[in-house]
Visitor: 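I'd like to ask you about the structure that follows.
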Amino acid sequence: MVDKTRSVIVSDVKIKGNITEKESVIIDGEVEGDINAGFVDTFENSNIKGNIKSKKIVIGGKLKGNINSDSVHIKKTADVDGTIKQKTLSIEEGSLLTIKTEIKK
């Protein structure tokens, strides 16, 4: 069995620029730019300024930007400011949200 590709951005890494990953990207660092990936998982230390487009997203850190995804899960550690366009959305109690949501057709 072949493992899927997974890119990891650890907590002490800062990236200025867009990220494109066919499979999955895990972010615990800082990103200033747009992210486009099959699956995006952001951890508590992550700080993203940019838009995210993905099939599935789990947000656990700070995000200032818009989300476009089929499935969005927002963890209690998340702080999101932007518009979320999604098919399904789940939000854990305790997250900080300044958002507008739209259903994807």
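Atom set for the values below is all heavy atoms of this structure, side chains included, hydrogens, waters and symmetry mates excluded.
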Visitor: Please determine which of E23, E21, K22 meets the side-chain hydrogen bond (donor to acceptor under 3.5 Å, both in side chains) test together with S7.
Guide: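 So the option named by the test is E21.
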Visitor: Please report the closest heavy-atom contact between S46 and G61, naming both atoms and the distance.
Guide: OG-CA, 3.4 Å
Visitor: Working to the nearest 0.5 Å, report the span between CD1 of I35 and CD1 of I48.
Guide: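 The CD1 atom of I35 sits 4.0 Å away from the CD1 atom of I48.
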Visitor: Testing the 3.5 Å rule here: is there a donor-acceptor pair between the side chains of K104 and N68?
Guide: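 Present: a donor and an acceptor within the cut-off.
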Visitor: Test of understanding: clusters of I, L, V, M, F, W, Y form through side-chain heavy atoms closer than 4.5 Å, transitively. Do F39 and L89 belong to the same one?
Guide: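 Cluster IDs for F39 and L89 differ.
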Visitor: Taking atom CD as the centre, does E92 end up with more than 12 heavy-atom neighbours from other residues, nucleotides or ligands that are less than 6.0 angstrom away?
Guide: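 Yes.
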Visitor: Less than 4.5 Å apart, side chain to side chain, heavy atoms only: is that true for L63 and T42?
Guide: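 Heavy-atom side-chain distance check fails, nothing below 4.5 Å.
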Visitor: Say you draw a straight line from CD1 of I9 to CD of E30; how long is it, rounded to the nearest 0.5 Å?
Guide: 11.5 Å
Visitor: Where do Q86 and I67 land on the side chain to side chain contact (heavy atoms under 4.5 Å, CB included) test, with the steps shown first?
Guide: CA-CA 8 Å; Q86 84 294 325; I67 294 172; over 6 Å; no
Visitor: Within the structure provided, determine whether I27 and I15 are in side-chain contact (heavy-atom separation under 4.5 Å).
Guide: no
Visitor: Heavy atoms, side chains only, cut-off 4.5 Å: are H73 and K56 in contact?
Guide: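 Heavy-atom side-chain distance check fails, nothing below 4.5 Å.
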Visitor: Check the pair I91 / L97 against side chain to side chain contact (heavy atoms under 4.5 Å, CB included), numbers first and verdict last.
Guide: CA-CA 10 Å; I91 302 170; L97 304 175; 3.7 Å; yes
Visitor: Got a second to check how far D79's CG is from N47's CG, nearest 0.5 Å?
Guide: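 One gets 9.0 Å once the value is rounded to the nearest 0.5 Å.
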Visitor: Do N36 and N18 have side chains that approach each other closer than 4.5 Å (heavy atoms only, starting at C-beta)?
Guide: no
Visitor: Decide, yes or no, whether a salt bridge links K64 with D81 under the criterion of side-chain N to carboxylate O below 4.0 Å.
Guide: yes
Visitor: A side-chain contact here means heavy atoms from C-beta on lying under 4.5 Å apart; do I59 and I52 qualify?
Guide: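 Touching, per the 4.5 Å side-chain cut-off.
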Visitor: Are any of the side-chain heavy atoms of I26 and R6 separated by less than 4.5 Å?
Guide: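 Counting from C-beta outward, I26 and R6 do come under 4.5 Å.
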Visitor: Could you check whether any side-chain heavy atom of K53 comes within less than 4.5 Å of a side-chain heavy atom of D34, counting everything from C-beta outward?
Guide: no
Visitor: Specify the closest pair of heavy atoms between A37 and S54, including all atoms of both residues, with the distance to one decimal.
Guide: O-OG, 2.8 Å
Visitor: Rounded to the nearest 0.5 Å, how far apart are NZ of K62 and NZ of K49?
Guide: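 Rounded to the nearest 0.5 Å, the NZ-NZ separation comes to 8.0 Å.
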Visitor: Distance check, rounded to the nearest 0.5 Å: S71 atom OG versus I57 atom CD1?
Guide: 8.5 Å
Visitor: So do the side chains of T77 and F43 get within less than 4.5 Å of each other, counting heavy atoms only?
Guide: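 No, their side chains stay 4.5 Å or more apart.
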Visitor: Flag yes if L96 and I74 sit in one hydrophobic cluster, no otherwise; membership is Ile, Leu, Val, Met, Phe, Trp, Tyr, and two members link when side-chain heavy atoms are under 4.5 Å apart.
Guide: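 Not linked; separate clusters.
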Visitor: Should V10 and I19 be counted in the same cluster of Ile, Leu, Val, Met, Phe, Trp and Tyr side chains packed under 4.5 Å apart?
Guide: yes
Visitor: Working to the nearest 0.5 Å, report the span between CG of N51 and NZ of K85.
Guide: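 Reported value, rounded in 0.5 Å steps: 12.0 Å.
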